[in-house]
Amino acid sequence: MRTERPQVKQERAVRTRRAILEAAALVFEEHGYDTAKLSDIVKIANVTKGALYFHFESKEGLAQAVIDAQNEAQPQMLPQQFKAQEFVDIGMVFSHQLRHDALMRASTRLTLDHAGRGLDRVTPYQTWIELHVPLLEEAQRRGELLLNVDPRVPARLIVGAYAGLNTMSYTLGLDLDVQVSELYTHVMPGVVVPAVAIRLDTAPGRGARALYGPQGAHECRHSCAGGVPPREEV
């Protein structure tokens, strides 16, 4: 009998785990935590229930893995002339990800959902705040910020406002990218000096441009699609 090489087995397990996560994202995004069914996730991922429990010990563990995906999603954005622009780009890129990535949408919904009391919803907020602060601190050293601006204040403000806009946009059926664009357009003049404020790109679609450059929208058409891999066991 031919023995499967450990590396091949490990790669297959990684693909299976990813398939389960992506299927879980679809179910959690549509139904939330309480009414999401593992049977639906298994069916969409095209794996056995045994494979699911091999990778995730419970529904709560699977939901936590979906939430944690948000903490791990740190895109490689293009460097900018102003650190204030890179600060803006974090949120605009995340808006772009939410449009194209079901895993990010499900992660965000579970973070904002009050069901599943054992889930860690603190870390995503802390992670995003700590991601913003160093950029504003560097912007401050470069003279981009207005006097007496504490970098942690706009960092917390943006993260908190973003969460609220995400909830509102989902509830009212609004375009989150447009809402986030307006958030930065109105907030940044109170954070950075006028010479920098007038040069910031906060327009809708900035997320794709921050990732791919001026041709971001074109590039996204070729790289933003997702999907659930065919059935594979652990």
Side-chain angles (χ1 to χ4, degrees), residues 4 6-77 90-91 93-132 159-160 162-167 169-170 176 207 211 223-234:
E4 189 174 46
Q7 182 179 355
V8 174
K9 186 175 181 179
Q10 183 179 13
E11 291 173 352
R12 184 156 54 86
V14 170
R15 291 195 299 270
T16 300
R17 185 180 190 277
R18 182 67 185 185
I20 295 170
L21 270 179
E22 292 181 348
L26 296 177
V27 176
F28 283 129
E29 180 190 6
E30 181 177 357
H31 299 288
Y33 180 82
D34 278 342
T35 57
K37 297 180 180 179
L38 292 181
S39 57
D40 290 338
I41 295 172
V42 166
K43 183 177 180 180
I44 294 172
N46 202 20
V47 300
T48 65
K49 186 164 286 189
L52 186 150
Y53 281 116
F54 176 84
H55 291 280
F56 307 98
E57 61 181 16
S58 64
K59 176 181 175 180
E60 185 175 271
L62 179 53
Q64 187 63 60
V66 172
I67 291 176
D68 292 343
Q70 182 183 159
N71 305 331
E72 300 162 3
Q74 306 300 335
Q76 297 299 312
M77 300 179 298
I90 291 177
V93 166
F94 191 51
S95 174
H96 173 80
Q97 290 177 311
L98 290 174
R99 180 187 294 271
H100 296 284
D101 191 334
L103 183 56
M104 289 300 99
R105 291 195 298 271
S107 176
T108 302
R109 175 167 183 180
L110 289 173
T111 301
L112 299 174
D113 197 344
H114 293 293
R117 294 185 177 181
L119 296 175
D120 173 19
R121 296 184 174 87
V122 174
T123 300
Y125 288 103
Q126 293 176 331
T127 299
W128 284 110
I129 291 171
E130 293 305 320
L131 185 63
H132 284 81
V159 172
Y162 202 113
L165 284 176
N166 194 11
T167 300
S169 297
Y170 178 82
L176 177 63
L211 287 171
S223 62
C224 292
V228 176
R231 176 173 183 152
E232 292 189 67
E233 300 303 328
V234 295

Nearest-0.5 Å distance that lies between atom CG in Leu211 and atom NE2 in His96: 5.5 Å
Under the 3.5 angstrom rule, does the side chain of Ser107 hit a backbone N or O of Leu103 as a donor-acceptor pair? no
Closest contact, heavy atoms only, Leu110 versus Arg121: O-NE, 2.8 Å
With sequence neighbours excluded, residues passing side-chain hydrogen bond (donor to acceptor under 3.5 Å, both in side chains) with Thr35: none
Determine which pairs satisfy salt bridge (charged side-chain N to carboxylate O under 4.0 Å, His left out) with at least one residue from residues 23-34, sequence neighbours left out, and list them in order. Glu29-Arg105
Quick one: pull up OH in Tyr170 and CG in Asn166 and give me the separation to the nearest 0.5 Å. 10.0 Å
Residues forming a side-chain hydrogen bond (donor to acceptor under 3.5 Å, both in side chains) with Arg99, sequence neighbours excluded: Asp175
For Met77 and Val93, work out which heavy atoms get closest and say how close. SD-CG2, 3.7 Å
Does Lys59 make a cation-pi contact with Tyr33, if we ask for NZ or CZ under 6.0 Å from the ring centre and within 45° of the axis? yes
Sequence neighbours left out, what pairs pass salt bridge (charged side-chain N to carboxylate O under 4.0 Å, His left out) with at least one residue falling in residues 42-54? none
Using 0.5 Å steps for rounding, measure from the CG atom of Leu21 to the CG atom of Leu26. 11.0 Å
Using every non-hydrogen atom in the two residues, find where Ala65 and Arg17 come nearest and quote the distance to one decimal. CB-NH2, 4.1 Å
Under the salt bridge (charged side-chain N to carboxylate O under 4.0 Å, His left out) test, residues paired with Glu60 that sit two or more places apart: none
Nearest atoms (heavy-atom pairs only) where Phe56 meets Gly61: CD2-O, 4.2 Å
Residues at least two apart in sequence or cross-chain that pass side-chain contact (heavy atoms from CB on, under 4.5 Å) with Lys37, listed by chain then number, are Ser39, Asp40
Looking at OG1 of Thr108 and CG of Asp113, how far apart are the two atoms once the value is rounded to the nearest 0.5 Å? 12.0 Å
Measuring from atom CD of Gln64 to atom CD of Glu57, what distance do you get when rounded to the nearest 0.5 angstrom? 11.0 Å
Side-chain heavy atoms of Arg109 within contact of Phe28, under 4.5 Å: no
Inter-residue atom distance Tyr162.OH - Leu98.CG, 0.5 Å rounding: 5.5 Å
For Ala19 against Ala45, the heavy-atom pair lying closest together: O-CB, 3.7 Å
Closest contact, heavy atoms only, Ile41 versus Ile20: CG2-O, 3.9 Å
